[in-house]
Amino acid sequence: MFRNRIELIETRIREFLSEYYGIEPPELIAETPPQVEMGDLAFPFPFQLAKVLRKSPLLIAREIAEQIGSVDGVERFEAAGGGFLNIFLNRESFFKDLYEWLSDPETPGKSGKIIVEHTNINPNKAAHIGHLRNAVLGDTFVRLLVSSGREVEVQNYIDNTGVQVADVVVGFHFIRKMSLAEVAAIEERFDYYCWDLYAQVSEWYDEDPERKELRQQVLHAIEEGLEPFFPLAEHISIRIVRAHLQTMGRLGVHYDVLPRESEILHLKFWEEAYSLLKERRAIEFIEEGPHAGCWVMQLPGENGQEDEEKIIVRSNGTVTYVGKDIAYQLWKFGLLGKTFHYSVFDEYEDGSKIWITSMDSSGEGEPRFGAGDRVYNVIDVRQSYLQRVVVQGLRSLGYSDQADRSTHFSYEMVALSPRCCSELGIELSEEDQARPYVEVSGRKGLGVKADDLIDKLFENSLKEVNQRQADLPQEARDQIARQIAVGALRYFMLKYTRNSVIAFDFAEALSFEGETGPYLQYSIVRSSNIFRKLFERYPEWEGDSWKTFQARLWDSGAMADLLTEDEVWRLVLDIARIPDTVEQAITSLEISGVARHAFTIAQQFNLFYHKHHILSEEDESKRAFYLSVTDTARQGLLHLLDLLGIEVPERM
RNA sequence: GCGCCCGUAGCUCAGCUGGAUAGAGCGUUGGCCUCCGGAGCCAAAGGUCGCGCGUUCGAAUCGCGCCGGGCGUACCA
C-alpha cells in the first residue's frame with residue numbers, strides 16, 4: 001500500500017517535470033529522510049537536474065514544491081537541505097489505509113512452483129549449529145515466499161550412500177564389531193552416539209591410512225546393496241534422518257519430500273544425465289594430460305579468467321558428487337525424463353505428510369514432486385564453486401532459462417569463538433587460540449549439537465518463566481519456555497546478514513534481552529495485555545466493541561490532530577514498510593532485514609508504550625486512538641513473527 | 001598464484017540500487033515501578049568507517065592499489 005502511494009506521487013512529479021520544464025527526469029528514487037520532522041519521503045533528483053536546468057538544486061526543489069499543486073495523499077511538499085524535494089504524507093488517510101491492509105496482509109497467488117532445497121545434513125550424526133542456520137534460513141525463506149503468494153515445495157536431500165554414512169558403518173562393524181541387531185538395540189540417543197563414533201572413526205583412519213580401504217569397500221557394498229553393510233547403512237541413515245526431523249520439528253521447520261541419493265542411484269538418474277551430457281557435448285572425454293581418461297566440463301572463466309576444467313567422470317568410470325547433483329538439478333526442473341516413486345515417511349501434527357523417495361509406487365495418492373519453475377538451493381558459501389558447476393551443467397545442456405532460474409542461496413558458516421571452545425572444554429592449539437573463530441568439524445566431533453543448544457535455551461527460559469508465571473500449571477509454563485527458546489534461536493540465526501560468519505558464542509545465543517526473539521515476543525505480549533486489561537476495566541469495550549469507539553473517532557476528524565506526534569507516526573510508517581521489506585528480502589535473499597525491521601517496530605512500540613498510558617486515558621477518542629496504534633503495531637509484529645517462524649506466547 | 005567474502009564504538013553487528021548530523025544490541029556509568037508486567041524505558045561516555053589514490057555536486061557505500069583475516073580453488077563429499 002505504501003508502494004502504491006509512492007508510485008502515484010512519482011507519476012505526478014514526472015508529469016510536472018515534463019509540463020513545467022519540458023524534460024524527462026532521470027530515475028526518481030524515493031528515500032527516507034534522516035528525521036521524521038523533515039518529511040516522509042525525500043527525492044534527491046533535483047541534484048541531478050541542476051546541470052541540465054542550470055539552476056541550483058535547492059532552487060529547483062523550491063520551484064517544484066511551490067508549483068506542483070495538490071497531489072492525492074500528500075499533505076505538502078518542501079524543499080530541504082541542499083536540494084531535496086521532501087514530501088509529507090496525509091497522515092490520517094495513510095493510517096486508515098494501513099489499518100485496513102493489516103487485516104489481510106497476504107498477497108494474491110502467483111503462478112509457478114518454486115522448489116527450495118535446504119537442511120541437507122549427512123545422515124550419519126547429530127545436527128549441529130551450522131545445520132540450524134541452514135534450516136532456519138531455508139524455512140524462513142519458504143515462509144516469505146508462501147506469504148507473497150508463491151507455491152513452494154520444500155526438499156531435504158538425503159545423501160544416504162555417501163562416505164560419511166560409510167564411515168559410521170565402518171565404525172560399527174570394524175571398530176565396535178557390532179551386528180545390525182546390536183546396533184538396532186542401542187538405546188541411548190542414536191544421533192549423539194554416532195556423533196562420537198564418527199569422530200572416533202576419523203581418528204582411527206589417521207592412525208593407519210590403509211584403513212581407508214575399508215571405507216571404499218563399504219561404500220561399494222552400500223551402492224550395490226550387499227550384506228552386511230547395506231542394511232546397516234540403511235538402518236543408520238533412516239534412524240538419523242528421523243532424529244534430524246525431530247530436531248528441526250522442534251523449531252517448526254517442515255519438509256515436503258526427502259529425495260535420497262540411493263534412489264537417484266538405483267533409478268539410474270545419473271545414467272540418463274550422463275547420456276544427455278555426452279549427446280549434447282556438455283562434457284568431453286580427455287585423451288591426454290593430467291586428466292586423461294576423464295570426462296570433464298568446461299567452465300567459462302569469469303571476467304577474463306582462463307577456462308577451467310571440472311572432472312565429472314573419473315578415469316575409473318565413477319561419477320563425482322557434482323555429476324549426481326547435475327542429475328538431481330535436472331530432475332528438479334523436470335528435465336530428466338525420469339522421476340521417483342514416493343512413500344509416506346512421517347506425518348506432521350497438522351496432518352501434512354512428509355514423503356521419501358522409493359523404488360516402487362506405493363499406490364494411490366502418490367504426489368508429484370519436482371518439475372519446478374524456479375529452484376533455490378540453500379547451501380553454505382563453501383559450496384559456491386560446485387553450485388556454479390551445476391548451473392553451468394544446465395547451461396551447457398542448452399537449458400539456459402533453467403540455469404538462470406537456479407539460485408544458490410548461499411550464506412556463511414557458523415564457527416566457534418575461542419571462548420565458546422573453552423566453555424565446551426575443547427583444547428585449542430595456540431595457533432587456533434589466536435584465530436577469530438574455529439570451524440565446526442563433524443570429523444573431529446568439534447561443534448555444538450543443535451539439540452543441546454535448544455535444550456539449554458529451554459532450560460534457561462523455563463527458569464525465567466517459573467519465576468514470572470508461578471501461577472500457571474507446569475504444562476503451560478513448559479509451552480511458553482519452548483516458544484521463547486525457539487524464538488530466541490530462530491531470531492539469532494536470522495539477525496546476521498548472510499555473508500557474515502557467525503562466531504558462535506553462548507552468551508549471545510542464550511540472551512533474551514535487547515535485539516532478540518524474546519524481546520519481540522515480549523512486545524506483543526504487552527500489547528495483548530493492554531487489550532486484556534482494557535476489557536476488564538471497560539466491559540463495554542469488550543471484544544470487537546472497542547472498534548465502535550474507534551469508528552466514532554475515525555468519523556470525527558480528530559485523527560489528524562492525534563497523528564501529529566512524531567513518535568507515533570514513525571511507528572506507523574515503519575509498519576507500512578513491512579511489505580517492501582519482505583519483497584526486498586525475497587529478491588535479495590537477505591532475510592536479516594525482515595528480522596531487523598521487526599525489532600525496529602518493537603522498539604518503537606515500546607517507546608510508545610512507555611510514553612502513553614493507554615488505559616488510564618480519560619478522553620475516549622484518545623483512548624480509541626492509542627488502542628488503534630497498539631492494534632496496528634500488534635498486527636504488524638504478529639505478521640512479521642509469523643514470517644520468521646516465531647510463535648508468540650499468551651504471557652511471558 | 002587465482003577467485004569469492006569480511007575489516008564500522010571495548011565486544012557482536014546494521015547501514016537499502018552513492019545522499020542530509022554514521023546507527024543498534026551487549027558491556028560500562030547514572031537515572032526510571034502510588035502507573036497497561038522492569039525479558040522494559042531514559043540519559044551519558046565511546047568512531048582517523050583497515051590504509052591510500054580516484055570517480056562524483058556528494059563516498060562507510062562505486063573503481064583501482066595496498067594491508068590484515070577467512071573460505072574456496074581435489075580423479076573428496
Side-chain angles (χ1 to χ4, degrees), chain A residues 27 29 31-35 38 42 44 47-48 50-51 56-57 80-84 86 122 159 162-164 290-296 301-303 305-306 308 310-318 320-322 324-325 380-386 388 410 412-413 415 417 435-437 439 461 464-465 467-468 484 488 495-503 505 507-508 511-516 518-523 525-534 536-537 580-581 584 588 590 592-593 596 599-600 603 606-607 609-617 626 630 651-652:
Chain A
E27 234 191 323
I29 298 163
E31 292 172 0
T32 308
Q35 315 271 327
M38 300 165 121
F47 290 97
Q48 276 134 316
K51 250 184 272 175
S56 82
F84 290 94
N86 288 4
N122 269 303
D159 184 7
V163 289
Q164 294 214 18
H291 294 165
C294 298
W295 285 86
V296 306
E302 289 177 343
N303 44 42
Q305 298 297 311
E306 274 184 38
E308 292 175 71
K310 174 66 196 169
I311 291 165
I312 305 297
V313 179
R314 305 183 185 100
S315 56
N316 66 6
T318 57
T320 58
Y321 178 78
V322 218
K324 283 180 272 190
D325 233 22
D380 80 65
V381 68
R382 289 171 292 186
Q383 305 245 24
S384 293
Y385 176 70
L386 295 179
R388 200 158 72 83
S410 83
E412 266 291 357
M413 62 181 167
S417 66
R435 289 165 179 268
Y437 48 77
E439 264 189 83
S461 65
E464 296 288 326
V465 174
Q467 260 173 32
R468 296 158 202 248
I484 291 171
K495 74 191 227 184
Y496 300 96
T497 50
R498 290 187 288 137
N499 50 9
S500 101
V501 176
I502 298 179
D505 185 274
E508 278 171 44
S511 168
F512 297 151
E513 289 167 15
E515 199 196 336
T516 65
Y519 176 92
L520 300 179
Q521 292 169 316
Y522 185 68
S523 307
V525 168
R526 273 184 154 171
S527 69
S528 307
N529 285 345
I530 292 172
F531 281 97
R532 211 183 52 234
K533 295 274 172 164
L534 173 82
E536 283 170 17
R537 204 180 292 189
D580 267 5
T581 309
Q584 207 189 334
S588 64
E590 188 54 83
S592 64
R596 275 174 182 282
F599 177 65
T600 306
Q603 262 184 323
N606 275 317
L607 181 64
Y609 174 92
H610 276 271
K611 213 170 161 186
H612 301 284
H613 203 266
I614 299 157
L615 295 188
S616 58
E617 176 56 59
Y626 290 148
T630 304
R651 309 160 173 237
M652 63 186 281

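Numbered from 1 within each chain, the chains take letters A, B, ... in sequence-line order.
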Base, sugar-phosphate or nothing for [X]? Non-hydrogen atoms, less than 4.0 Å.
X: A/Gln603; result: sugar-phosphate
X: A/Asp580; result: nothing
X: A/Ser315; result: base
X: A/Val465; result: base
X: A/Pro436; result: sugar-phosphate
X: A/Tyr385; result: sugar-phosphate
X: A/Lys51; result: sugar-phosphate
X: A/Ala488; result: nothing
X: A/Tyr519; result: sugar-phosphate
X: A/Gly514; result: sugar-phosphate
X: A/Tyr496; result: sugar-phosphate
X: A/Ala50; result: nothing
X: A/Val381; result: nothing
X: A/Pro290; result: base

Please give, in whole Å, the distance from [N] [atom2] to [X] [atom1]?
X: A/Glu513; N: B/rU28; atom1: CD; atom2: P; value: 11 Å
X: A/Met413; N: B/rG72; atom1: CE; atom2: P; value: 7 Å
X: A/Glu439; N: B/rG70; atom1: CD; atom2: P; value: 11 Å
X: A/Glu308; N: B/rA74; atom1: CD; atom2: C1'; value: 13 Å
X: A/Leu386; N: B/rG72; atom1: CG; atom2: P; value: 11 Å
X: A/Asn529; N: B/rG38; atom1: CG; atom2: C1'; value: 14 Å
X: A/Phe47; N: B/rA20; atom1: CZ; atom2: C1'; value: 8 Å

5'-most by nearest nucleotide on RNA chain B - A/Asn316 or A/Leu607: A/Leu607
First of A/Asn499 and A/Gln35 reached from the 5' end of RNA chain B, by closest nucleotide: A/Asn499
Any idea if B/rC33 is syn or anti, going by the 90°-from-0 cut? syn
So, [X] and [Y]: side-chain donor and acceptor under 3.5 Å apart, yes or no?
X: A/Asn606; Y: A/Tyr522; result: no
X: A/Arg526; Y: A/Asn529; result: no
X: A/Ser592; Y: A/Glu590; result: yes

Nucleotide forming a Watson-Crick or wobble pair with [N], both distances under 3.5 Å:
N: B/rG1; answer: B/rU73
N: B/rG40; answer: B/rC32
N: B/rC64; answer: B/rG52

Is a salt bridge present between A/Lys495 and A/Glu508, judged by a nitrogen-to-oxygen distance below 4.0 Å? no
Between [X] and [N], is there a side-chain N or O to OP1/OP2 distance below 4.0 Å?
X: A/Arg435; N: B/rG68; result: no
X: A/Arg468; N: B/rG37; result: no
X: A/His613; N: B/rC35; result: no
X: A/Arg382; N: B/rG70; result: no

Taking the same atom, [atom1], in [N] and in [M], what whole-Å distance lies between them?
N: B/rG19; M: B/rC62; atom1: P; value: 10 Å
N: B/rA44; M: B/rG23; atom1: P; value: 13 Å
N: B/rG15; M: B/rC75; atom1: C1'; value: 46 Å
N: B/rC42; M: B/rG27; atom1: P; value: 15 Å

